[in-house]
Protein chains: 4
Amino acid sequence: MQRTKPDTARRSETSRRAILTAALDLVGEVGYAKLSIEGIAARAGVGKQTIYRWWPSKGAVLFDAVLAGAEDEGGETALPDTGDLEADLKTVLRATVDGLNDPAQDRLLRALSVEIVQDPQLAVLYAERLDGPMKEAKKARLRAAQEAGQLPADLDLDVAVEMIWSPLTARWLHRTGPLTHAYADAVVEAALNGLRRGLPDGSR
Amino acid sequence: MQRTKPDTARRSETSRRAILTAALDLVGEVGYAKLSIEGIAARAGVGKQTIYRWWPSKGAVLFDAVLAGAEDEGGETALPDTGDLEADLKTVLRATVDGLNDPAQDRLLRALSVEIVQDPQLAVLYAERLDGPMKEAKKARLRAAQEAGQLPADLDLDVAVEMIWSPLTARWLHRTGPLTHAYADAVVEAALNGLRRGLPDGSR
Amino acid sequence: MQRTKPDTARRSETSRRAILTAALDLVGEVGYAKLSIEGIAARAGVGKQTIYRWWPSKGAVLFDAVLAGAEDEGGETALPDTGDLEADLKTVLRATVDGLNDPAQDRLLRALSVEIVQDPQLAVLYAERLDGPMKEAKKARLRAAQEAGQLPADLDLDVAVEMIWSPLTARWLHRTGPLTHAYADAVVEAALNGLRRGLPDGSR
Amino acid sequence: MQRTKPDTARRSETSRRAILTAALDLVGEVGYAKLSIEGIAARAGVGKQTIYRWWPSKGAVLFDAVLAGAEDEGGETALPDTGDLEADLKTVLRATVDGLNDPAQDRLLRALSVEIVQDPQLAVLYAERLDGPMKEAKKARLRAAQEAGQLPADLDLDVAVEMIWSPLTARWLHRTGPLTHAYADAVVEAALNGLRRGLPDGSR
DNA sequence: AGTTAAGCGAGACGGTACGTCCGGTCTTGAA
DNA sequence: TTCAAGACCGGACGTACCGTCTCGCTTAACT
């Protein structure tokens, strides 16, 4: 799937970066609801047409901005592997909790989320470019655990990843509860052991 | 917390209902992004001012509309209890899957979700008025299972509810995968048994 | 012709006066263009309906306000008569010039004028109640001059009055020139003597 | 003095003409009181912003429309000169009377008048662009009469013009009497000969 | 003297128009 | 051809008033 026009040689890299930077800055300053294409163009010192020429919507601009930021940080996003799956997962989820508690990151991710929720095309793009690589890294860590005999060999890794991460993101998105390290730990334990953990099989 | 003006005796019940109905209808027809206060007013045969007089934003109108709809259906929202927890949960989650696969309901719930994600005040209202009662019903079912010895007595029910429901809503919201009955079943099983299920304790 | 409802015994004199006073005050403060019925009602501490019950338009309110003011000053409005017509007319026109140069009176009279220009019914009312008595006084002075042999006996007094006063009011209304005592004098002289004054009859 | 933004090369001449035409049409159809910017925009097939971009008020639009109309007709506005001043003036004033008795023209000129009365800036513009040229033509005719010895050489032409024309416009504006050819004639005669005409100098 | 209907303050209501913001398209002139 | 600039048509915003319509209340007039 291709949402944006293929880059041509004529495209101004200067303008492109200015637009993405302006979008990122503005979303952090005024929030997504008040973000406008005109505002981005003005802030970037760019004609509106230059935005419309290369992106189909403000969501796409924002998406590209986040994408560019993510890629700048380097594609390597492997999860830690100390051999202790539970500890490693807690480490990662605690870091996620910290990130979501940072106001700037919170605003940006909410903006992105709103776009994805509303726009199926962006959702696909998100699945391919942002969530995909991340999910691969998560699954790789779980696969390693499988190979070490710490998880069943027939475990559906997609479901497993969602079991571990979605309680956190759901609570964050809808603000249905506090986001703490304790909560991250509780989720990891519950996901790994199951809600029935410790009960004799016969009682189930 | 009070988002809307307190009702006075002077308020027109006719107009109120017309507005809520129009909002609900329109969001199902054109989606939330194209929902406008003007559109609601026109559809409801009402002056714009009558909306602005009683609600601070279109999100608040929509929220009230959903709320009124939920309350009309009667407060009874108890989950089924056949004694078989796993089967009951699967029944409920399959029904949820079906609901989310209905375009009109999908549009409505996405609209609501977008508002909640963006507006902390609405999020509080949501937690109190819509999500709260639902969550209580879910916890009640789990508590019954605890009392029947099917779940550990010290289980944190808030976490438990999130473990069961959030994978579904997360996958729906961000469209990260297909929403099927099979998926609902897989989530219930994984949540109850844990990702490590069946492994000897020593290998963990 | 009757523009306003006939007064009944039940009518509140307090409210009536409050409304007229508020209208007069507001027109002086914010100008006629920004004068609103709601504004008058609020300022007068009166319900809107009380205005609509007794007056058909804001122009009618203003008109009544001016009328009440005029009648308060006493109906006697005879022009001075020293026996010297030209001098007397100059005295009166100079006073008119002074009045029109007063900002408050200027604003009020412009407001009244705008209403009369736009609303034929108000124009009739104006002719009967405000302009009429004034014009009678003017004609009375001219009639006295006729009787003294200072003006032709067959002079059309309506035309005469307009010849004398309309240059002044026209210049004021459209601001086509400065309003000064010298101008008042020039008009009186030109009106009395004619533009051809002093030329031998044969040359005409 | 400049009321409207200076035209740039970018301005759409098509839109400009459509707006002025629509304004003129509408004022003739519904009258000035019911003339609205939205109405003009809709009739002209133009965005409201395009009006607000170039004119500060509906009065300014109307003014420009009248101005454009006047300039379209060609600058030639000389008064007739048969050598007989009185006859020529009567011809012109009778034509004016006829014009003012035409409902469409009446509505348009009243609208213009109301704006001028209320807005000093428009009054200046009016004096410069519309009334000015007309007044010059009138003064030119009177000057010709002066040169022919039919009027005193020291006559103040500004006052003279006002003496002749303002009775007519005043009576029209405030509807204080019928506008007829006879009235036009009477005014011309009175203005030229003076109210005292025919009286021996000694009696004055 | 008690009843009753009007006038009253208040303000909600369906509307119209305001003047502004922004979306997305189109045009101009410089590089 | 791209770009900055910005005019253009259009749609929605949130506000101000319009003129109508209840609501209770006060208050004068007529039982």
Side-chain angles (χ1 to χ4, degrees), chain A residues 8-16 18 34-42 44-58, chain B residues 5 7-16 18 34-42 44-54 56-58, chain C residues 5 7-16 18 34-42 44-58, chain D residues 5 7-16 18 34-42 44-54 56-58:
Chain A
T8 64
R10 311 296 294 274
R11 179 166 189 182
S12 157
E13 180 61 14
T14 313
S15 296
R16 194 184 137 270
K34 295 196 173 179
L35 181 67
S36 69
I37 298 263
E38 293 212 337
I40 297 172
V46 138
K48 283 203 291 178
Q49 196 57 39
T50 303
I51 297 183
Y52 284 109
R53 197 166 7 244
W54 301 108
W55 291 274
S57 67
K58 73 172 174 175
Chain B
K5 272 176 64 175
D7 295 3
T8 68
R10 316 294 295 277
R11 180 166 188 182
S12 158
E13 180 61 15
T14 312
S15 295
R16 195 186 133 268
K34 295 196 175 178
L35 180 66
S36 67
I37 299 262
E38 292 214 335
I40 296 172
V46 138
K48 281 200 289 178
Q49 198 60 46
T50 301
I51 299 184
Y52 285 110
R53 185 149 37 225
W54 301 108
S57 67
K58 71 173 176 175
Chain C
K5 272 176 64 175
D7 295 4
T8 65
R10 312 295 291 276
R11 179 167 189 181
S12 159
E13 180 61 14
T14 312
S15 296
R16 193 184 136 269
K34 295 196 172 177
L35 180 67
S36 70
I37 299 263
E38 294 214 336
I40 296 171
V46 137
K48 283 202 292 177
Q49 196 61 246
T50 302
I51 298 183
Y52 284 109
R53 190 160 18 237
W54 301 108
W55 291 275
S57 67
K58 72 172 175 174
Chain D
K5 274 176 61 176
D7 296 3
T8 67
R10 315 296 295 276
R11 181 167 189 181
S12 158
E13 180 61 15
T14 311
S15 296
R16 194 186 134 268
K34 296 196 173 178
L35 180 66
S36 68
I37 299 262
E38 292 213 335
I40 297 172
V46 139
K48 280 202 289 179
Q49 198 60 47
T50 302
I51 299 183
Y52 285 110
R53 184 150 36 228
W54 302 108
S57 67
K58 72 173 175 174

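These numbers come from the heavy atoms of this one structure, side chains and all, not from hydrogens, waters or symmetry mates.
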Checklist entry - Within this structure, what is the CZ-to-P distance between Arg11(C) and dT27(F), rounded to whole angstrom? => result 18 Å
Checklist entry - For dG23(E), does either OP1 or OP2 sit under 4.0 Å from a side-chain N or O belonging to Trp55(A)? => result no
Checklist entry - Which atom pair, heavy atoms only, marks the closest approach of Ala44(D) to Ala18(D)? => result CB-O, 3.5 Å
Item to check | Under 4.0 Å protein heavy-atom contacts per nucleotide of nucleotides 9-16 of chain F, with B for base, S for backbone only and - for none | outcome: SB-BBBBB
Item to check | Heavy-atom check, side chain of Tyr52(D) versus side chain of Ile37(D), under 4.5 Å | outcome: yes
Item to check | Angle of first-five versus last-five pair axes in the helix from dA1(E)-dT31(F) to dA31(E)-dT1(F), to 10 degrees | outcome: 10°
Next on the checklist: Using the side chain to side chain donor-acceptor pair (under 3.5 Å) criterion, which residues pair with Glu38(B)? Sequence neighbours excluded.
Outcome noted: Lys48(B)
Next on the checklist: I need the CD-C1' distance between Glu13(B) and dT22(F), as an integer number of Å.
Outcome noted: 16 Å
Item to check | dG6(F) phosphate, OP1 or OP2, under 4.0 Å from Trp54(D) side-chain N/O | outcome: no
Item to check | Between P of dC21(E) and CD1 of Ile40(A), the distance in whole Å | outcome: 18 Å
Checklist entry - Are Arg11(B) and Trp54(B) in a cation-pi setup, meaning NZ or CZ lies under 6.0 angstrom from the ring centre and within 45 degrees of the ring axis? => result yes
Checklist entry - Over how many whole Å does the gap from Arg16(B) atom CZ to dC13(E) atom C1' extend? => result 16 Å
Checklist outcome for this item: On a heavy-atom basis, the closest approach of Thr50(D) and Ser15(D) is CG2-CB, 4.3 Å
